[in-house]
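Down below is the structure, laid out as structure tokens.
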Amino acid sequence: MKITIEYYGIPRQRVGIASETYEFDRDEMGIHDVIRAVASKHPAFEKHCMDDGIVNKHMTVNLNGNQFFHSEDGIARDGDALLILSMDAGG
Amino acid sequence: MLEDRVSKANGYHQQYLEINVSNGVATRHELDTTLLQQSIGGSGLGTHLLLEHESWKHDPLAAEASIVFAFSPLVGSPLTTSAKFAVVSRSPLTGRINDSLASSTFAIAGKRTGNDALLIKGRAVSPSILVIEENQISLKPAEHLWGLSAEDAELQLREEFGNKFSFAVIGPAGEQLVRYATISHSGRHAGRGGSGAVLGAKNIKAVAVRGNQRAAWHDTEGLIAQARNLSQRSFGPATEKYRELGTAANVLIFNRLNCLPTRNFQKGSFEKAGELSPEAMNIAHEKIRESCAACTIGCTHVYSIPVDGRPSRARIEYENLFALGPLCEVSDQQTVLQASQLCDYYGLDTISTGGTIAFAMECVERGFLNETWLTFGNGDALLQAIHMIGRGEGIGVRLAQGSRTLAMELGNNTIAFAPQVKGLELPGYEPRALQTMALGFAVGTRGADHNRSGAYEVDFSEEVDRRNAKVHQARLAVETEDKAAIMDSLILCKFLRGVFDDYFAECATMLNLITGWRLESSDLISTAKGIIDAKKRFNILCGWSPEEDTLPERMLTSALADDRDARLNRETLETLVTAYNLERGWDEAGFLPGSSAGT
């Protein structure tokens with residue numbers, strides 16, 4: 001299956017790209033495992049955007065522009081877009 | 001050189017100065033500890049003083065109206081971001097309570113006059129500078145400053161008065177009584193609700209303050225340790241977005257989530273949003289970063305732009321970008337930067353400026369307003385409209401009243417799509433796509449506002465479905481308001497909020513170190529509720545009615561054009577508002593216990 005990862009705010013600054021596609025050899029997988037794959041590919045993301053193996057409290061994860069999954073509990077399926085973004089709004 | 005004098009009370013001078021600029025008389029009033037514990041400072045203190053002076057009775061632009069510059073117990077301390085002040089008055093835009101905050105040395109110098117607040121009434125006979133040196137006041141002529149931008153006037157004042165004074169200044173918009181004119185200081189603005197017009201109506205171009213009175217601290221050693229710890233945390237990941245990209249980082253995120261208000265709130269995304277992102281701006285323009293006094297975050301991103309062939313600067317925040325860009329469907333970077341700079345030049349709230357112009361553009365498109373040049377996507381028209389508002393020319397005179405008044409003039413039910421609540425134009429959060437925020441906008445005491453309600457944080461969490469609001473979200477909205485009420489009264493910058501692990505407990509600790517009080521989290525939560533009750537009480541006395549706590553009709557009858565799942569109906573919003581009122585301890589309609597309409 002293919003999952004598109006979109007980076008916004010600080011995650012984009014750390015990874016250096018706006019988006020990329022990951023291919024996994026299964027039909028669905030936990031969002032946490034997708035994030036682990038991102039961390040493996042981008043050490044700067046793991047260093048600056050994660051704590052204790054999950055995205056830190058200043059980041060959040062959103063699936064397809066709909067539900068937020070800060071705890072990374074959700075399931076991603078083929079064709080999904082996973083957004084990783086800086087959490088605070090304001091301005 | 002004067003020696004510093006230290007207050008007897010900790011954190012406070014326990015007095016405020018009432019100044020009548022009609023006759024130049026200043027009266028000192030004591031502030032008792034009970035009131036200070038109930039109101040803390042800033043917005044809370046300002047609201048209490050407005051109630052005490054019965055400011056609800058007066059037209060906000062009348063001579064009798066009061067405007068309060070309120071400081072706080074944290075001002076002057078080493079706590080990062082604490083150099084802030086609140087400007088509180090009845091709003092000429094909404095007719096309701098208005099509390100706007102700004103930062104930097106005016107807060108420090110103002111408090112060093114030996115006063116916890118300055119309350120100004122009356123009307124000077126001619127344009128004047130109100131000079132306050134401790135308890136001595138004087139009025140100086142300001143004819144030579146009339147017509148200058150706030151920045152230019154401040155530069156001139158600094159030459160005339162010296163660097164020991166700090167100045168709060170209005171621009172031409174305040175002089176013209178534009179109902180969303182700002183009060184400025186060092187490039188920062190008490191922006192929303194038209195406090196600049198209140199000062200302009202008093203013929204006061206600038207307030208100049210200096211003094212040598214320092215408020216004592218209860219536990220200096222503990223305070224310094226706390227300040228050092230807070231500063232360290234402020235350098236960390238909680239604030240890096242503000243440092244690296246600024247609040248403008250929201251543009252791409254909001255666009256992706258269909259909550260970037262576009263084309264006068266008809267859409268939630270803008271196809272050219274990428275051109276206005278800070279990532280794109282940083283490539284095209286030189287940029288420097290600046291900080292307010294006593295701030296370790298440094299969120300201010302200032303871009304270099306050429307204007308008429310001369311180098312110039314524009315300070316950019318998300319709200320400027322959204323209101324002067326997507327909301328008017330303008331995508332040209334140079335134009336949006338220049339529009340932002342023009343708002344600063346005239347002293348205009350960028351959100352209300354963009355909101356009112358975008359509304360006018362839709363009215364033109366629908367044939368309700370005969371200004372055919374004022375069209376969506378026309379950057380030159382945007383700039384021209386701002387000039388006309390700032391100068392009080394042509395259609396600018398009508399735009400200067402805000403979208404609600406313009407809609408009432410135009411009729412044809414244009415009020416249904418005027419982007420305002422209680423007369424205050426909505427900030428850059430599409431309510432149908434962020435429905436906890438929709439509730440926050442509807443019930444906000446100063447109108448649609450993202451600084452007094454942080455309910456968008458709830459929408460960006462996994463606790464809710466942001467496009468399908470449920471009644472429990474009312475409680476979550478109340479919690480964000482309570483946090484904001486404390487932050488606006490302490491005062492600390494909201495960009496610090498991410499560094500706290502236990503927000504109310506840490507706020508209580510800071511306040512206790514300064515004052516010697518023994519507050520706990522629960523005390524501060526009660527205080528927050530009391531401050532919001534006080535604002536509501538003021539509004540009820542102004543004539544508030546439950547029908548005001550709503551959103552523009554279009555937002556309750558139509559889905560977003562580009563996100564059909566983003567829809568909100570009147571029944572849902574009314575259910576949320578009722579739940580909110582009950583959560584606050586008010587009656588279902590929103591009246592305080594023991595109060596009814598007008599009492």
Side-chain angles (χ1 to χ4, degrees), chain A residues 3-20 30-32 34-35 39 42 44-76 80-91, chain B residues 236-259 268-269 274 277-279 299 316-322 351 427-429 433-434 437 450-451 454 456-468 493-495 497-499 501 563 565:
Chain A
I3 304 286
T4 301
I5 311 292
E6 301 176 24
Y7 303 99
Y8 295 92
I10 291 301
R12 183 179 295 190
Q13 296 293 104
R14 299 295 170 263
V15 172
I17 53 174
S19 67
E20 60 184 333
I31 288 174
H32 176 73
V34 180
I35 298 291
H42 299 289
F45 175 82
E46 182 169 33
K47 180 178 178 185
H48 295 286
C49 302
M50 299 182 73
D51 280 333
D52 300 325
I54 62 170
V55 290
N56 70 34
K57 67 176 185 176
H58 311 296
M59 312 291 158
T60 193
V61 177
N62 179 287
L63 192 63
N64 298 321
N66 298 318
Q67 182 64 41
F68 285 90
F69 288 100
H70 185 73
S71 59
E72 303 178 7
D73 276 346
I75 300 292
D80 280 345
L82 200 62
L83 287 54
I84 307 176
L85 39 92
S86 298
M87 186 139 176
D88 290 333
Chain B
T239 58
E240 61 188 346
K241 182 182 107 172
Y242 301 116
R243 286 194 303 273
E244 291 191 30
L245 295 165
T247 55
N250 293 344
V251 168
L252 291 181
I253 298 171
F254 283 27
N255 192 55
R256 179 63 175 83
L257 297 173
N258 284 313
C259 55
S269 63
S277 69
E279 291 89 343
C299 70
I316 279 295
E317 303 284 355
Y318 167 68
E319 297 296 341
N320 310 18
L321 275 180
F322 123 80
I351 300 172
Y429 301 77
L434 301 168
M437 190 73 252
H450 64 296
N451 279 319
Y456 55 81
E457 291 182 341
V458 177
D459 290 313
F460 292 140
S461 74
E462 60 191 342
E463 291 183 70
V464 304
D465 176 350
R466 65 188 171 89
R467 290 175 295 200
N468 186 17
C493 177
K494 294 198 174 69
F495 294 167
R497 65 195 185 282
V499 311
D501 292 320
D563 184 357
D565 291 333

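Each chain gets a letter, A, B and so on, in the order the sequences are listed, and its residues count up from 1. This one's a predicted model, so the numbers in the text were calculated from it and none came from an experiment.
Annotation: maximal heavy-atom pairing with chain B below 4.5 Å, among A/N62, A/L83, A/L85, occurs at A/L83. Chain A forms more heavy-atom pairs under 4.5 Å with one residue of B/E240, B/E279, B/K494 than with any other, namely B/E240.
Across all non-hydrogen atoms, the minimal contact from B/R256 to A/G65 is NH1-CA, 4.1 Å. Considering all non-hydrogen atoms of both residues, A/S86 and B/K241 come closest at CB-CD, 3.5 Å. Nearest heavy atoms, A/F68 versus B/E462: O-CB, 3.1 Å. A pairwise comparison of heavy atoms in A/H58 and B/G498 identifies CE1-O, 3.4 Å as the closest pair.
Scored by the side-chain contact (heavy atoms from CB on, under 4.5 Å) test, B/D501 finds A/K57, B/E506 as partners (sequence neighbours excluded).
Using a 4.5 Å cut-off between heavy atoms, B/D459 touches chain A through its backbone atoms (N, CA, C, O) alone.
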ask   = Would A/Y8 and B/L245 count as a side-chain contact (heavy atoms from CB on, under 4.5 Å) if you check the C-alpha gap in whole Å, the side-chain angles of each, and the deciding distance to 0.1 Å?
value = CA-CA 11 Å; A/Y8 295 92; B/L245 295 165; over 6 Å; no

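When the heavy atoms of residues 10-18 of chain A are compared with those of chain B, the residues falling under 4.5 Å are A/I10, A/R12, A/Q13, A/R14, listed by number.
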